[in-house]
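Here the structure is laid out as structure tokens; the discussion comes afterwards.
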Amino acid sequence: MDLYESKIEDTVDSWERRGFSVVRGLFSNEETSVLRQALEREISQERTPAPEGSTVWSGRPVFYTEARGPSAGVRSLTYVARCHDVMPHAPLVRRFTDFRGRVAGRLPGGALQRGSRDRLCTSLISIPRGRRIDWHQDVGPGSPPLIAVLHLSRRGIDFEGGSFLVRTPTEQTVDTLPGDVVLFPWDAWHAVTEVTRGERMVLSSGWLKEEDTEQRRGGTEG
Ligand SMILES: O=C(O)CCC(=O)C(=O)O
Ligand SMILES: [Fe+2]
């Protein structure tokens, strides 16, 4: 039995009972801190946001977006398909996305399966002080069927506030530690409360739908 097998069993069990799952300590503190520091550097670089109204896919294999409306100020940097190889500490990121894929394969329901040609997509999401993520579902063009969120920031050190809320259908609050992974279905309403100090960062992994990537692909193959 490999390292993750029992975690996968617990994840599926919790999913069936509560409609979502939290995996504690998928990554060690040391691994998480290496990843956090590298990704902090990535997101702190100056970038031009994808145009307003474009979906998550703006024709680029790596693209940056800044949210509008109630979640304004939230920034994300998304890597599509093979661009995962250029992410800092790509082997660590790969362990996370592989874990997500293995869980997806065990969950009941065809809605959770990706199409064979859909593309892996991983977003670094940063919420600075005074910002939050409003209630939403990850539904729409390019929405992935199963969302897995790896928490990178240390509550009380890197940030305060910023609790994850999910309705499946009762509302639950999840306070995470770095290295924890939260998994939930694409149609679950979720939100993040205001970050009252510092900055909160996660890596969120899913699939972009093939139709969306085909329609919107720019010159560069991802
Ligand atoms: O930052 C989070 O905990 C959740 C972010 C989110 O809404 C998502 O990954 O779909
Ligand atoms: Fe979301």
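No hydrogens, no waters, no symmetry mates; every other heavy atom, side chains included, goes into these values.
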Can you name the residues that form a salt bridge (Lys or Arg N to Asp or Glu O under 4.0 Å) with [X], not counting sequence neighbours?
X	result
Asp85	Arg94
Glu66	none
Asp134	Arg132
Asp180	Arg24

Could you identify which residues cluster with Val34, counting Ile, Leu, Val, Met, Phe, Trp and Tyr as linked when any side-chain heavy atoms lie under 4.5 Å apart, either directly or through a chain of such contacts?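 Traced through the cluster, Val34 reaches no other member.
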
Crowded around Glu30 CD? As in, over 12 foreign heavy atoms under 6.0 Å? no

For atom CZ of Arg102, is the number of surrounding heavy atoms from other residues, nucleotides or ligands below 6.0 Å larger than 12?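 Atom CZ in Arg102 is crowded, with more than 12 foreign heavy atoms closer than 6.0 Å.
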
Before giving the answer on side chain to side chain contact (heavy atoms under 4.5 Å, CB included), spell out for Phe20 and Val174 the whole-Å C-alpha distance, their side-chain angles and the decisive distance to 0.1 Å. CA-CA 11 Å; Phe20 76 104; Val174 186; 3.6 Å; yes

Does [X] have any side-chain hydrogen bond (donor to acceptor under 3.5 Å, both in side chains) partners at least two apart in sequence or in another chain, and if so, which?
X	value
Ser76	Thr65
Ser44	none
Arg41	none
Arg155	Asp175

Which residue pairs satisfy the ring pair (Phe, Tyr, Trp, His ring centres under 6.0 Å) criterion with at least one member in residues 81-107, sequence neighbours excluded?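 Residue pairs with at least one partner in residues 81-107: Tyr4-Phe99.
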
Got a salt bridge between Glu5 and Arg106, using NZ or NE/NH1/NH2 to carboxylate O under 4.0 Å? yes

Side chain to side chain contact (heavy atoms under 4.5 Å, CB included) involving Trp189 - partner list, sequence neighbours excluded: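 Scan of Trp189 (side chain to side chain contact (heavy atoms under 4.5 Å, CB included), adjacent residues dropped) gives Trp135, Gln137, Arg167.
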
Arg75 versus Arg47: any side-chain heavy-atom pair under 4.5 Å?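 Heavy-atom side-chain distance check fails, nothing below 4.5 Å.
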
Test ring-ring contact (aromatic ring centres under 6.0 Å, His included) applied to Tyr79 - qualifying residues, sequence neighbours left out: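 Here no residue qualifies.
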
